[in-house]
Amino acid sequence: MAEPIFTVSHLNSFYGRGKERKQVLRDVSLTLSPGEALGVVGESGSGKSTLAKSLLGLVTDIQGELVVNSPRPQMVFQDPYGSLNPAKTVGWILEEPLRAAGVKDKAERRRRVEEMIALVGLSPEHLARRPARLSGGQRQRVAIAAALIQGSRFLVLDEPVSALDVTLQAQIMRLLADLKERLGLSYLFISHDLAVVYQLCDRVAVMTGGEIVEQGDVDYIYDHPQHEYTKKLLAASLALDG
């Protein structure tokens, strides 16, 4: 049996120091299997992003067990414009991770960049553009390409479609589903919208106040929510869809 992508057991995470030290995550336990998409859903301040940052080593004041078995995990943010260098072209942005990884041959870097830009549904002409000359959906495709260019097979997706309109949301969700199948990716998908999580994820964990209050198969949770907070999130998602 393949080892999990990550294992989190009784995790507590903290921000600040001394009297300002604040506990954000409380006794969180989760696993992610290879090829699986796990949704973490909750309102702002529920602890979702802190969980993601803990997994990526960006929050280090932790207690409990946290083991990540996938090399080079990458994060895709809600606002791609904020994560892309506005002064550089898309080609430069995608080549930079390869340069950092020691790929010295320029032709090889270019070949891999062109393969990746096609994989996310953009054309070679986009490589000469800067982020400001791309649409929101195109920028998110570039951000996904940059996360995958070094060969990562584990992505943390932090509200990756919430800044897009409904049409672009659907396009990016289809892209993520396609890449998951074609490349054998594993996702931790963070969202406030249970309906969006339902579209992509195999399992879901519901968070509030830094705790997981319910988790399980996404179909079962969607059809048979047990916790009152889950019912509230589901009602909000259905209202938005309506």
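We're numbering straight along the sequence, starting at 1. Values in this document were obtained by computation on a predicted structure and should not be read as measured data.
- Shown here are the salt bridge (Lys or Arg N to Asp or Glu O under 4.0 Å) partners of Glu211, two or more places apart in sequence or in another chain: there are none.
- Evaluation of the side-chain contact (heavy atoms from CB on, under 4.5 Å) rule for Lys88 yields Asn85, Trp92, Ile93 as partners, not counting sequence neighbours.
- Judged as a side-chain hydrogen bond (donor to acceptor under 3.5 Å, both in side chains), the pairs with a partner in residues 17-27 (not counting sequence neighbours) are, in order, His10-Asp27, Asn12-Gln23, Arg21-Asp61, Gln23-Arg26.
- For Asn69, the side-chain hydrogen bond (donor to acceptor under 3.5 Å, both in side chains) criterion is met by no residue, not counting sequence neighbours.
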Under 3.5 Å, which donor-acceptor pairs do the side chains of residues 139-148 form with other protein atoms, sequence neighbours left out?
{"unit_1": "Arg139", "atom_1": "NH1", "unit_2": "Pro131", "atom_2": "O", "d": "3.0"}
{"unit_1": "Arg139", "atom_1": "NH1", "unit_2": "Leu134", "atom_2": "O", "d": "2.7"}
{"unit_1": "Gln140", "atom_1": "NE2", "unit_2": "Phe77", "atom_2": "O", "d": "3.2"}
{"unit_1": "Gln140", "atom_1": "NE2", "unit_2": "Pro160", "atom_2": "O", "d": "2.7"}
{"unit_1": "Arg141", "atom_1": "NH1", "unit_2": "Val120", "atom_2": "O", "d": "2.7"}

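- Contacts of Ser152 classified as side-chain hydrogen bond (donor to acceptor under 3.5 Å, both in side chains), with partners at least two apart in sequence or in another chain: none.
- For residues 145-178, the ring-ring contact (aromatic ring centres under 6.0 Å, His included) pairs, not counting sequence neighbours, are Phe6-Phe154.
- Among Glu96, Glu95, Glu115, the one residue that satisfies the salt bridge (charged side-chain N to carboxylate O under 4.0 Å, His left out) test with Arg109 is Glu95.
- Residues passing the side-chain hydrogen bond (donor to acceptor under 3.5 Å, both in side chains) test with Gln63, sequence neighbours excluded: none.
- Glu159 is linked by a side-chain hydrogen bond (donor to acceptor under 3.5 Å, both in side chains) to His192, counting only residues two or more places apart in sequence or in another chain.
- Contacts of Tyr15 classified as side-chain contact (heavy atoms from CB on, under 4.5 Å), with partners at least two apart in sequence or in another chain: Val24, Thr50, Lys53, Val59.
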Stepwise side-chain hydrogen bond (donor to acceptor under 3.5 Å, both in side chains) test for Asp193 and Ser162
CA-CA 9 Å; Asp193 189 340; Ser162 63; over 6 Å; no
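- Listed by first then second residue, pairs satisfying ring-ring contact (aromatic ring centres under 6.0 Å, His included) with a partner in residues 161-189 number zero, not counting sequence neighbours.
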I'd like a table of donor-acceptor pairs (distance under 3.5 Å, sequence neighbours excluded) in which one partner is a side-chain atom from residues 198-208, with atom names and distances.
{"unit_1": "Tyr198", "atom_1": "OH", "unit_2": "Asp219", "atom_2": "OD1", "d": "3.2"}
{"unit_1": "Asp202", "atom_1": "OD2", "unit_2": "Ala37", "atom_2": "N", "d": "2.8"}
{"unit_1": "Arg203", "atom_1": "NE", "unit_2": "Glu36", "atom_2": "OE2", "d": "2.6"}
{"unit_1": "Arg203", "atom_1": "NH2", "unit_2": "Thr31", "atom_2": "O", "d": "2.5"}
{"unit_1": "Arg203", "atom_1": "NH2", "unit_2": "Glu36", "atom_2": "OE1", "d": "3.2"}

